[in-house]
Participant: 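Have a look at this one before I ask anything.
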Amino acid sequence: MKNLKRELKITEDGSHTLFVPELNEHYHSTHGAIQEAMHVYLNAGFNFCKQDPIHILEIGFGTGLNCFLTLIEAEKQNRTVIYHSIELYPVKEEHIQNLNYTDQIEGSDKDLFFKLHQAAWNQDVEITKTFTLNKLQGDLRKFIFPAIYDLIYFDAFAPDIQPDLWTQDIFEKLNNHLKEDAVLTTYSTKGIIKQALRGAGFEVKRLPGPPGKRQMLRARKTCINTKQTIE
């Protein structure tokens with residue numbers, strides 16, 4: 001993954017995604033990167049959860065799109081956000097500079113978008129007075145998270161590409177870092193994913209999907225996993 005080539009591509013809503021030829025995988029839906037992020041993570045996740053302040057964990061920082069949209073929405077709603085995002089292989093500066101999200105999102109601030117990417121890794125960085133970002137560089141399978149969360153954006157590469165990140169063990173680990181009734185949202189609706197989430201102590205609900213996808217998942221923590229402990 002670290003040295004794989006990444007190509008800039010335009011999705012159907014005009015916004016960029018990155019494409020990894022060796023994996024035949026895109027970072028976002030080709031039907032619309034911004035549309036997908038808004039639908040799966042903002043509308044089904046951030047706008048569904050009413051906590052303020054809200055603690056969010058994102059699996060896969062990638063292009064920073066989910067984080068940027070959350071920052072914009074938080075500013076509109078005057079909500080305080082503590083945002084943690086784990087990424088093993090950060091996107092290179094050359095790609096970040098060419099992403100067109102600030103051109104596609106009305107009223108967005110290009111300086112704030114770059115501030116997210118320029119923030120130091122593995123430490124809390126105040127992006128605005130109400131939005132704190134901690135980009136965690138590490139391997140999800142081994143990482144010990146430093147907080148308990150209200151909401152998880154699960155945005156890893158597809159299960160066929162990274163099957164070891166979509167296991168019951170991983171979801172049990174995440175369950176132990178969620179508050180009671182916290183939720184996890186993701187784009188994948190594969191049966192094996194639903195089964196893994198249920199086995200890890202989540203109640204799984206299928207929701208209408210974004211353009212180009214029939215369904216998505218929102219999972220709510222319903223019980224405490226006893227197989228692992230928080231460290």
Side-chain angles (χ1 to χ4, degrees), residues 1-9 11 15-23 25-29 33-34 36-38 40-42 45-46 54-72 74 81-99 101-102 112-127 131-167 169-171 173-174 177-178 184-188:
M1 282 292 296
K2 185 176 182 180
N3 297 315
L4 293 182
K5 182 181 179 182
R6 292 166 174 82
E7 299 175 353
L8 208 61
K9 299 291 184 180
T11 65
S15 58
H16 278 139
T17 188
L18 294 178
F19 176 63
V20 184
E22 292 91 336
L23 301 178
E25 179 75 342
H26 293 83
Y27 274 63
H28 309 283
S29 169
I34 290 175
E36 178 194 42
M38 285 297 303
V40 176
Y41 303 108
L42 275 295
F46 184 73
I54 182 170
H55 291 71
I56 300 174
L57 171 63
E58 177 188 29
I59 308 303
F61 186 74
T63 64
L65 177 58
N66 296 334
C67 184
F68 187 48
L69 289 170
T70 303
L71 171 59
I72 293 170
V81 176
I82 298 89
Y83 195 103
H84 291 182
S85 185
I86 186 167
E87 176 65 59
L88 185 56
Y89 303 116
V91 173
K92 293 181 180 179
E93 179 70 20
E94 62 190 86
H95 295 307
I96 294 166
Q97 291 293 330
N98 290 319
L99 291 168
Y101 300 143
T102 56
L112 278 181
F113 177 70
F114 290 131
K115 190 173 181 180
L116 295 175
H117 281 282
Q118 292 162 0
W121 288 84
N122 301 308
Q123 65 184 62
D124 290 340
V125 177
E126 186 179 275
I127 304 300
F131 194 99
T132 300
L133 172 64
N134 192 331
K135 296 188 297 187
L136 309 166
Q137 187 168 9
D139 187 333
L140 171 60
R141 297 166 296 181
K142 304 172 184 177
F143 201 85
I144 303 301
F145 292 100
I148 305 297
Y149 303 98
D150 301 294
L151 171 63
I152 292 178
Y153 297 160
F154 199 92
D155 198 15
F157 279 138
D160 292 343
I161 303 296
Q162 290 186 309
D164 53 342
L165 299 187
W166 296 82
T167 65
D169 285 344
I170 290 292
F171 292 130
K173 177 178 182 176
L174 296 177
H177 287 276
L178 284 174
L184 175 153
T185 62
T186 188
Y187 61 88
S188 179

Participant: Would you name the heavy atoms of Ala147 and His84 that are closest together and state the gap between them?
Facilitator: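 Smallest heavy-atom distance, with atoms named: CB-CE1, 3.9 Å.
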Participant: Answer yes if the side chains of Tyr101 and Thr63 hold a donor-acceptor pair under 3.5 Å, and no otherwise.
Facilitator: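 Indeed, the side chains of Tyr101 and Thr63 share at least one donor-acceptor pair under 3.5 Å.
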Participant: Please verify the inter-ring angle class for Phe154 with Phe171; under 30° counts as parallel, over 60° as perpendicular, anything in between as tilted.
Facilitator: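 Judged by the thresholds at 30° and 60°, the geometry between Phe154 and Phe171 is tilted.
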Participant: If every non-hydrogen atom of Leu88 is compared with every non-hydrogen atom of Asp139, which pair is closest and at what distance?
Facilitator: CD1-N, 3.9 Å
Participant: List in chain and number order the residues that pass side-chain contact (heavy atoms from CB on, under 4.5 Å) with Ala37, two or more places apart in sequence or in another chain; answer none if no residue qualifies.
Facilitator: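 Applying side-chain contact (heavy atoms from CB on, under 4.5 Å) to Ala37 gives Leu65, Asn66, Leu69.
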Participant: For residues Tyr83 and Glu58, is any side-chain donor paired with an opposing acceptor at under 3.5 Å?
Facilitator: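 Yes, a side-chain donor-acceptor pair sits under 3.5 Å.
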Participant: Would you call the rings of Phe143 and Phe145 parallel, tilted or perpendicular if under 30° counts as parallel and over 60° as perpendicular?
Facilitator: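 Answer is tilted, since the angle falls between 30° and 60°.
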Participant: Are His16 and Tyr27 close enough that their ring centers fall under 6.0 Å?
Facilitator: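 Ring centroids of His16 and Tyr27 are no less than 6.0 Å from each other.
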Participant: The criterion is salt bridge (charged side-chain N to carboxylate O under 4.0 Å, His left out); which residues satisfy it with Glu25, sequence neighbours excluded?
Facilitator: none
Participant: Could you list all the salt bridge (charged side-chain N to carboxylate O under 4.0 Å, His left out) pairs where at least one residue sits in residues 112-126, not counting sequence neighbours?
Facilitator: none
Participant: Ignoring hydrogens and angles, state whether a donor on the side chain of Thr70 or Tyr153 is under 3.5 Å from an acceptor on the partner side chain.
Facilitator: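 Short answer, yes.
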Participant: Is a donor from one side chain sitting under 3.5 angstrom from an acceptor on the other, for Asp155 and Tyr187?
Facilitator: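 No, Tyr187 and Asp155 have no side-chain donor paired with an acceptor closer than 3.5 Å.
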Participant: Can you check whether Phe19 and His26 have ring centres sitting under 6.0 Å from each other?
Facilitator: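 Yes, close enough.
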